[in-house]
Number of protein chains: 2
Amino acid sequence: MQIKQLASFTGVSAKTIRYYEDISLLSKAKRGDNGYRYYDDQDVSLLKFIRRCKELRIPLADIKRLVVVQSSGNDPCKQVDTIIFQQLEKIRIAQYELHQLEQNLKTLANCCKHERIKDCAILKHLRSN
Amino acid sequence: MQIKQLASFTGVSAKTIRYYEDISLLSKAKRGDNGYRYYDDQDVSLLKFIRRCKELRIPLADIKRLVVVQSSGNDPCKQVDTIIFQQLEKIRIAQYELHQLEQNLKTLANCCKHERIKDCAILKHLRSN
DNA sequence: CTTGACATTCCCGTAGCTGGAAGCTTTATT
DNA sequence: AATAAAGCTTCCAGCTACGGGAATGTCAAG
């Protein structure tokens, strides 16, 4: 199949697929005589795998490691484990930060009395101290 | 004062200050005969204001609008209000997404039985379907 | 007079793409 | 057969918000 079909099967745009090849997340695709890239079912599986990792917001560098590691079948899966746990940790930290942020923004939003700019309580707050 | 002092008063690096001037978030600084930038107390206040907005993760484009709007004292503060509310909304959406993500990652992390790669339950999950 | 701590500009790299230009091939329509 | 539309290719630029580092200039202290 051609690149656009791979794209529609996996939900990853053709542009992105080429980009993944560029950064060697995908290996070089076979080319036809016309220079077009051609793909098969294995490529579909791999890209779907990648897309799922992306949905978990795993960075491409880590996804690459997950892709590579799959060909070393007898090794322990510690690396996989670690990547997932680190990702979970990152998400939890981000959640905490967002929670703090939400509190601050709520306070700020609530102090708005629809004044004019020169009396705006939000701006005063932001300028204070 | 020179740029480094402004930096230390505000917690914004000299590099970043120059960058803000480049993108016109700050107006062009006065220059000495040697070409050095010189700043005063007003610049300190403004940069502190900007830093506070940044802590709320307000995008620079919006911060710019908040900076500009402050010179139109008699206008209503609707713009300010809107920016803060939009920011709050963004944060809430991000929180929701992170919550979903956390659930998915937790499920994935828990299914790890410390197998070898070829039996790894995490990888199986990510490949499934 | 030299050293070190400042300052300047400029360009590259980050992550993960997306958009667009310029130029092929292939397919569909007139 | 000619042409148009769609799909493919490569390459270059731009997005956010800077940080690193090079090459160079300036200023105060020892």
Side-chain angles (χ1 to χ4, degrees), chain A residues 1-26 28-40 43 46-47 49-67 83 86-87 90-91 94 97 101, chain B residues 1-26 28-40 43 46-67 83 86-87 90-91 93-94 97 101:
Chain A
M1 74 189 73
Q2 295 188 351
I3 198 166
K4 210 181 180 190
Q5 196 153 21
L6 178 60
S8 79
F9 280 169
T10 59
V12 177
S13 79
K15 272 261 178 189
T16 300
I17 294 171
R18 287 192 204 99
Y19 171 69
Y20 286 170
E21 189 179 316
D22 275 2
I23 62 167
S24 303
L25 175 56
L26 298 176
K28 306 232 169 202
K30 301 138 213 153
R31 303 288 187 122
D33 288 347
N34 47 15
Y36 288 15
R37 289 172 179 82
Y38 286 96
Y39 299 97
D40 58 27
D43 298 311
L46 182 53
L47 247 190
F49 173 84
I50 290 171
R51 212 204 50 186
R52 245 172 240 128
C53 292
K54 271 205 26 177
E55 284 165 3
L56 298 170
R57 300 214 198 172
I58 298 172
L60 291 188
D62 286 339
I63 299 183
K64 204 165 172 174
R65 291 168 58 203
L66 289 177
V67 169
I83 288 174
Q86 281 175 355
Q87 187 60 18
K90 272 191 227 164
I91 299 298
E97 283 177 16
L101 255 179
Chain B
M1 76 189 73
Q2 292 184 185
I3 198 166
K4 212 185 181 187
Q5 197 152 19
L6 178 61
S8 80
F9 281 169
T10 59
V12 177
S13 79
K15 272 259 177 189
T16 300
I17 295 171
R18 290 193 202 98
Y19 171 69
Y20 286 169
E21 189 179 317
D22 275 1
I23 62 166
S24 303
L25 176 55
L26 297 176
K28 306 233 171 203
K30 301 137 211 154
R31 302 289 186 123
D33 288 347
N34 47 16
Y36 287 15
R37 290 172 179 82
Y38 287 96
Y39 299 96
D40 58 26
D43 298 311
L46 181 53
L47 207 46
K48 278 187 178 170
F49 172 83
I50 291 172
R51 213 204 49 185
R52 244 171 242 129
C53 292
K54 272 205 26 175
E55 285 165 4
L56 298 170
R57 300 214 198 170
I58 298 173
L60 291 189
D62 286 339
I63 299 182
K64 203 165 174 176
R65 292 168 57 201
L66 288 178
V67 169
I83 288 173
Q86 280 174 355
Q87 187 59 17
K90 271 191 227 165
I91 300 298
I93 291 169
E97 283 177 14
L101 254 179

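Each chain gets a letter, A, B and so on, in the order its sequence line appears, and its residues count up from 1. Keep in mind that the numbers below use all heavy atoms, side chains included, and drop hydrogens, waters and symmetry copies.
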Here's a test of your reading of the structure: between Lys4(A) and Arg57(B), which maps to the more 5' nucleotide of DNA chain D?
Lys4(A)
Side-chain N or O of Ser13(A) closer than 4.0 Å to phosphate OP1/OP2 of dC17(C):
no
Can you tell me the distance, in whole Å, between the CD1 atom of Ile3(A) and the P atom of dT26(C)?
17 Å
For dT26(C) and Asn34(A) - does any side-chain N or O of the residue sit under 4.0 Å from the phosphate oxygens OP1/OP2?
yes
For a 4.5 angstrom cut-off between non-hydrogen side-chain atoms, does Arg31(A) reach Arg37(A)?
yes
Taking NZ from Lys64(B) and P from dC18(D), how many angstroms apart are they, rounded to a whole number?
13 Å
Without decimals, in angstroms, what is the distance between Asp62(B) CG and dT16(D) C1'?
13 Å
Can you tell if the side chain of Val12(A) reaches within under 4.5 Å of the side chain of Ile50(A), non-hydrogen atoms only?
no
What one should report as the nearest heavy-atom pair of Glu55(A) and Leu101(B) is O-CD2, 3.4 Å
To the nearest Å, how far apart are Lys30(A) NZ and dC8(D) C1'?
18 Å
Expressed in angstrom and rounded to an integer, what is the separation of Tyr38(A) atom OH from dT25(C) atom P?
13 Å
Any side-chain heavy-atom pair of Tyr39(B) and Leu47(B) under 4.5 Å:
no
Scan Arg31(B) against the nucleic acid and name what it touches under 4.0 Å (heavy atoms): base, sugar-phosphate only, or nothing.
sugar-phosphate
Proximity to the side chain of Lys54(B) - top-ranked nucleotide from dA7(C), dC18(D), dC8(D)
dC18(D)
Judged by atom type as modelled, is there a donor-acceptor pair below 3.5 Å linking the side chain of Asp43(B) to the main-chain atoms of Leu46(B)?
no
Once you round it to whole Å, what is the distance between C1' of dT14(C) and CG of Leu60(A)?
13 Å
Would you indicate, yes or no, if dT25(C) has its OP1 or OP2 atom less than 4.0 angstrom from a side-chain nitrogen or oxygen of Arg37(A)?
no
Student check: side-chain heavy atoms of Tyr19(B) and Leu60(B) closer than 4.5 Å
yes
Taking the nucleotide of DNA chain D with the closest heavy atom to each, which residue, Ala61(B) or Gly35(A), is nearer the 5' end?
Gly35(A)
Minimal non-hydrogen separation, Cys53(B) against Leu66(B), with atom names
SG-CD1, 4.0 Å
Do any of residues 14-25 of chain B sit with a heavy atom less than 4.0 Å from DNA chain C, and if so which?
Lys15(B), Arg18(B)
When you check the phosphate oxygens OP1 and OP2 of dG7(D), does a side-chain N or O of Gln2(A) lie under 4.0 Å from one of them?
no
